[in-house]
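All figures in this text were calculated on a predicted structure; none of them were measured in a lab.
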Amino acid sequence: MERNLSLSMITVSLTHCLLLCLVVAAAAAASSNITTDQQALLALKDHIIYYPTSLLAHNWTSNTSVCTWIGITCDANSHRVTTLDISQFNLQGTIPPQLGNLSSLTTLNLSHNKLSGSVPSSIYTMHTLKFLDFTDNQLSGSVSSFVFNMSSILVIRLTNNIFSGELPKNICNYLPYLKALFLNKNMFHGKIPSALSKCKTLQILFLQFNNLSGAIPKEIGNLTRLKRIYLGDNKLHGEIPHEIANLRNLEDLELGMNNLVGVLPAPIFNMSTLKVLSLISNSLSGSLPSRIDLSLPTVEVLNLALNRFFGTIRSSITNASKLTVLELGGNTFSGFIPNTIGNLRNIEWLSVAYDYLKSSTSKLSFLSSLANCKKLRSLNLNGNPLDGILPSSIGNLSMSLKTLLIANCSIIGNIPQAISNLSNLLTLVLERNKLTGPIPITFGRLQKLQGLYLASNKLVGSFPDELCHLGRLAELVILDNRLSGSIPSCLSNLTSLRSLYLESNRFTSVIPSTFWSLKDILFFDISSNFLVGPLSLDIGNLKVLLEISLSKNNLSGDIPATIGGLKGLQFMDLAYNRLEGPIPESFGDLTSLEVLNLSNNKISGSIPTSMEKLFYLRDLNLSFNKLEVQPCKVSKPRTEHKSRKKILLIVIVLPLSIALTIAITLALKSKLIECGKRSTVLSNDSILSSQATLRRFSYLELLQATNNFAENNIIGRGGFGSVYGARLEDGMKIAIKVFHRQCASALKSFEAECEVLKNIRHRNLIKVISSCSNDDFKALVLEYMSNGSLGDWLHVLEYMSTDEIFVGELSLKRWVNDLLPTSLVEVVDKTLLSGEEKHSAAKEQCLLSIFSLALECTMESPEKRINAKDIVTRLLKIRDTLSKRIGNLS
């Protein structure tokens, strides 16, 4: 018995020892794991190079528990890190691979910072991670080779970074529970992988604002749990697959801003769960179904703008009672706007702009119906042949209305005073109609109005003093009418005014002295009127003024010297007046000036030498005045002067012209990346000629002129965009260069080309007519080259060469490259190297430098070509070097 007792005691002791060992081992393992978490987080801290608030620097320290650190959440039992959330800290730095060692992490949120560099592959293999959010950083690199092996992940957010490359073909192989994938606003290219269909639980797919191409995979119709699909703002083409109609849970379908074609599949109009259908800016065609109200009973947003849809707008659409946004503009819809349109009681945004719609009555009866739409905030009827008068019932429209656009609609008659009932209006556009009568004095009641556009009508009468009550008015455009009388002195009350366009009217008298107190005005044009008197000395008060045009009036007297205080002024046109006296020396202080026109006045004296400081000046017209032109001083004998002039002409002007022509023309050939855009008018900047400032383009004009930027209109491609051939409605043929919005290099190229082309003018260079630029779209409107591009001609010339040496892979460029620099005489015309012996070395070096630059300009790869800004810098350096060497030898 004693022996059994001893064995029992030994067994108990061994058990206690074993348990103790297990506890110690577990404690040691836990301690090791906690240490691993701390090391991973400290590695992240070490990779952060900027802390705006210094929170991490003072809080994440090795002598405190990681569970007390800001942004960290730990498991209550294991004390392992489960959540890392340091979003919106404005941190700068990179992500270390050690972060993948947080083996218990379920949430990783680094969004809304300025982190850069690539994401370590270890992040994409964290098996415990459920939520990954890197939104709104500057992360880059390709993910095409990564394996997303995240067996627990539910949500992946990589929105608004600089990720590139193709999407992994096996992206969904190891994501069995993924519900939401946000890859929008990056630089991904290539096709949408059909393997996305393996993400069986996917509910949200955001791929918009990338550079994806190819067709929409039909396999997407297998993702039966999908609720939201956003594929807009890419380069997708082909037809919309019928299989999308299989997605019985789909609520949002956004495919806008692509190159989709064909008839919209009829089954899509039978998706009873659909709330948002946006197909804006494609090349889709077909007509609307007869009973869209029955087939899409829950639809709230229907955007079919900028396509090729046709037919009538059936009255049944007005029974879609949940519609809040209806956008049908930029198609070829015809017939009448339904008088039952007012049945859309929840409508907030209604646009049928630039179709072929009419009203069933001359009093635009559909407008009376819209009075029932109490939530209406924006109404756009622009560009339809309504051919009627504005009824007084227009004043019964929604008190929520903020934007009313009825431009270019052939509206006749007077402007009804009842419009002033719309007291919440921010923008009123009635331009390019046939309106007559005066501007209603009741407009003074529109106290919230910020933009009033009445241009190009037949309005008469005076400038109503009541307009001076519009204290929030920022832009007033009443040009090209028949308004008369004086400009009221109360205009100075419009302290919010930034743009004033009164040109081409019949205003008389002097510019009121109070006008010059509008110290925040940026643009004003009162040209082509009958104004008299001198320019006030107070013009110098307009410190932020950018553009001023007072041409074609009867202004007299001297130009005030105070005008030199307008440091930011870029455009000034005082032509066709009776100004006299000298050009003030203070004009040299207008250091931002780009265009100056003082022609057709009585200005006398000499041109101030101070104007040599106007570095940005690209268009100067002083013709038809009484200016004295001083002759050039000749310090050398005439023959030597002519000799040097000849040398400079041959050695500098000719080669530089050739190099510039090659450089700028090739720089203006680019590859298109579709940009985000809407059917609103964008701001336009004039770049080269003074006439260009008179031509403004809307995005819609460019879109229609290029047939929705169709591929068959592309006449050139490059690394930063594509060039489209286009014809405007007036018959003018133009070229439109569209830049890649999401490529930083392309945006720099746009800025550089604007900078270069505004400073260079040559008969062999493409003329820039205008530009179109905002955050989502950047383009140059160029003169069309009917004989093709210089690159095409150079290509032809290579094949026209009859020299027997040009065989196989030997091209003219290759031949030139092989001969330089040792055999220059075999490449250039011998006359370029003739002349005085003492200048031969300088000329030879100049030519070698120019040929070297030309070869860099004609590199096959756009990425390897020198950019336009560097071309100018190099050319100026070559010029200065040659001038200095010739000067030293003379």
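Interatomic distance, CG of L627 versus OG of S604, reported as 7.5 Å (0.5 Å rounding).
The main-chain N or O of M611 is never found under 3.5 Å from a side-chain atom of E585 such that the two would form a donor-acceptor pair. Looking at N625, its side chain does come within 3.5 Å of a backbone N or O of L598 through a donor-acceptor pair.
Heavy atoms only, all atoms of each residue included: P608 and P584 are closest at CG-O, 3.8 Å. Minimum interatomic distance between N601 and L574 (heavy atoms only, all atoms of both residues): ND2-O, 3.1 Å.
Counting only residues at least two apart or on different chains, the side chain to side chain donor-acceptor pair (under 3.5 Å) pairs with a member in residues 454-467 are S456-D480. Counting only residues at least two apart or on different chains, no side chain to side chain donor-acceptor pair (under 3.5 Å) pair has a member in residues 553-565.
In this structure, the side chains of L847 and Q845 stay at 4.5 Å or more apart for every pair of heavy atoms. Counting heavy atoms from C-beta on, the side chains of I878 and T881 never come closer than 4.5 Å. Proximity of L550 to I511: side-chain heavy atoms (C-beta onward) are separated by under 4.5 Å at one or more points. Proximity of I439 to L483: side-chain heavy atoms (C-beta onward) are separated by under 4.5 Å at one or more points.
Residues satisfying the side-chain hydrogen bond (donor to acceptor under 3.5 Å, both in side chains) criterion with R874, sequence neighbours excluded, are E856. With sequence neighbours left out, the ring pair (Phe, Tyr, Trp, His ring centres under 6.0 Å) criterion links F587 to no other residue. Applying the side-chain contact (heavy atoms from CB on, under 4.5 Å) criterion to S513, with sequence neighbours excluded, gives no partner residue. Listed by chain and number, the residues in a salt bridge (charged side-chain N to carboxylate O under 4.0 Å, His left out) with D589 are K613 (sequence neighbours excluded).
Between W516 and F524, the ring-plane angle classifies as perpendicular under the 30° and 60° cut-offs.
Heavy atoms of other residues, nucleotides or ligands lying less than 6.0 angstrom from OH of Y576 number 12 at most.
Side chains of Q570 and Y616: no donor on one and acceptor on the other come within 3.5 Å.
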